[in-house]
Amino acid sequence: MCSLELFPPPLPRGDVTLYEYNNTMMPWLADDSPPPSFHTAMVNVPELMIPLDAVKAPGRMELSSKAAFIHHREAVWKRCLNAWHQMGLSGLLEEMSNSEEEVWRWVSSLHGSLFPHLSMKNEDLTAEFSQACDWSHCSLRAFAWHPHTSKFALALIDDSIRIYTAGSATIPTLKHRLQKDVASMAWKPLCASILAVACQSCVLVWHVDPTSLSTRPSSGCAQMLSHPGHSPVTSVAWSPKGGALLSASPVDTAMLVWDVSTESCVPLQRVGGGGVTFLSWSPDGSKVLSATPSSVFRVWETQKWTCERWPTIKGRCQTGCWSPDGSRLLFAVKGESVIYSLSFSVSDGETKACVGGSQSATVVGDVSEITYVREEGEVRVGGEIQSMAWDPSGERLAVLLRDNPNDLTSESVIAVYRTKNSPIFELLPCGFIPCREKEDPQLMQFHPCFQKGALLSVLWSTGRLSHVPFYFVNAQFPRFTLQPGTIGSDSTSTAAPVVSLFTKT
């Protein structure tokens, strides 16, 4: 098991990580400009600073059309059945809570204790289940790299989305009356212009012409996908070939599989969990991670859409990421300080129509809080995991660790690991990406096609967007040459011991 104790100490306060080279994190003073050779060596992508006072958060008023219709009193079992079909679990529970009969009031109080998130407002639900650390107060709320080009989408607190493309001065800004509380975005693979956006009341699918010089695409360029009881939407994910779009809501136990061309969906309903909060499609397209607000998560296979269910011990599955071949899932549990791993069989033919997961999870990384001593005093890093990202080569894993708000010496950092998935899984310490003064990491994502190793984009609480390159030769697909002797070697291995904590049911 790899522990934070094996990591090199964090950089001195005031230094930032410029890049990784020869398995070493290279520091740079935060107030100085990087050397000119650094800019020519990395991908030409913009670094941004959009502070909170530069954008204005819109006011909020949650509206409902339910009161505009005359209510026809039906038998209680009919009302409950209709509510289940139209709005899923949340509609059923609402109908039960509005019943005058004592038995329904009792069941309503029971469901409230089982799924307390159902009593939260939409904006609070999005903030709770977003992958961002402080979604409510940061100017940058969501980020998405295009899967094939150096283009990314950036969602701001004012409900606008900006599209940045390397080498282009045109920055389209997407705005729509239904584009509120953006929690997640995803570009459609094998397509240059389609962006799915998870919003408060629906999923918006933008068609942005990459050859257009317009900076304000019309709202007519957006499709609106909605389903009763499926809001707020907190996660969207395209299949690797772009044939289907998934969406999830923490108040809907159904995960929706959308056919965007026909604007129709198929709900994949499962009892238990209270909703769906986070989705992650494996790169090979064979499996989907589906997290819930409660202490259970599911892994689906995508041929016949069957699933395996894993209950956790303490809390809900907070985040997860897949190896490039889809054979391994790394995930973290809310309130815990460890990285878990599940392995899956990778096979062809009809055997793909089963999940094929291991019977139990293993602990592969310990990120418990530890103390380092620096010249300016002690610093504590580690603890709860907010999000994880695995680069497309499968050789770098980034783990965003929250700080302890009750400890003034605690700092948020991103811990970076060197990884190897075959023939055995290994997790080796690489180094920390620290934050500047008075800022914390919010979100992160690896560039999908960086040609010189890996490139990690990080959104910070100050409104800064930075890119940290990791220069290495891809062991499976070497694409460029470094100077001889620049890639170090490490004879130690941290292959994970099998610690059975979760068992599928």
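Keep in mind it's a predicted model, so treat the numbers as computed, not measured. Values reported hereafter were calculated over all heavy atoms of this structure, with side chains retained and with hydrogens, waters and symmetry mates removed.
Residues Val233 and Ser247 share a closest heavy-atom pair of CG1-CB, 4.1 Å. Of all heavy-atom pairs spanning Phe129 and Pro293, the tightest one is CZ-CB, 3.8 Å. Closest approach of Met388 and Met444 over heavy atoms only: CA-CE, 3.9 Å. Contact detail for Pro232 and Asn122: the closest heavy-atom pair is CD-OD1, 3.2 Å. Considering every non-hydrogen atom in both Ser341 and Phe331, the closest pair reads N-CE2, 4.4 Å. Minimum interatomic distance between Thr302 and Gly285 (heavy atoms only, all atoms of both residues): OG1-O, 2.6 Å.
Evaluation of the ring pair (Phe, Tyr, Trp, His ring centres under 6.0 Å) rule for Phe446 yields no partner, not counting sequence neighbours. Partners of Asp124 under the side chain to side chain donor-acceptor pair (under 3.5 Å) rule, at least two apart in sequence or in another chain, do not exist in this structure. With sequence neighbours excluded, the residues satisfying side chain to side chain donor-acceptor pair (under 3.5 Å) with Lys334 are Glu384.
The CG atom of Asp134 sits 11.0 Å away from the CG atom of Leu443 when rounded to the nearest 0.5 Å. For the atom pair CD (Gln269) and CG (Leu256), the distance works out to 9.0 Å, reported to the nearest 0.5 Å. Atom CD of Gln445 is separated from atom OG of Ser387 by 10.5 Å, given to the nearest 0.5 angstrom.
No side-chain donor from either of His207 and Ser193 sits under 3.5 Å from a side-chain acceptor of the other. Between the side chains of Ser327 and Asn421, at least one donor-acceptor pair of N or O atoms lies under 3.5 Å. Inspection of the Trp460 and Ser466 side chains reveals an N or O donor paired with an N or O acceptor under 3.5 Å. His447 and Ser150 share a side-chain donor-acceptor pair at under 3.5 Å. If you check the side chains of Ser214 and Ser212, you find no donor sitting under 3.5 Å from an acceptor. For Arg177 and Gln179, the side-chain atoms include no donor-acceptor pair closer than 3.5 Å. A side-chain donor from one of Thr306 and Glu301 sits under 3.5 Å from a side-chain acceptor of the other. Under the 3.5 Å distance criterion, with hydrogens and angles disregarded, no donor-acceptor pair is assigned to the side chains of Arg141 and Ser130. Counted by atom type alone, Gln131 and Ser184 present zero donor-acceptor pairs between their side chains at under 3.5 Å.
Within a 6.0 Å sphere centred on NE2 of His137, heavy atoms belonging to other residues, nucleotides or ligands number 12 at most.
The aromatic rings of Trp281 and Trp305 sit perpendicular to each other, their planes meeting at more than 60°, with 30° as the lower class boundary. Aromatic ring orientation, His176 versus Trp206: perpendicular (interplanar angle above 60°, classes split at 30° and 60°).
Residues Trp238 and Ile194 have side chains in contact (heavy-atom distance under 4.5 Å, counting atoms from C-beta outward).
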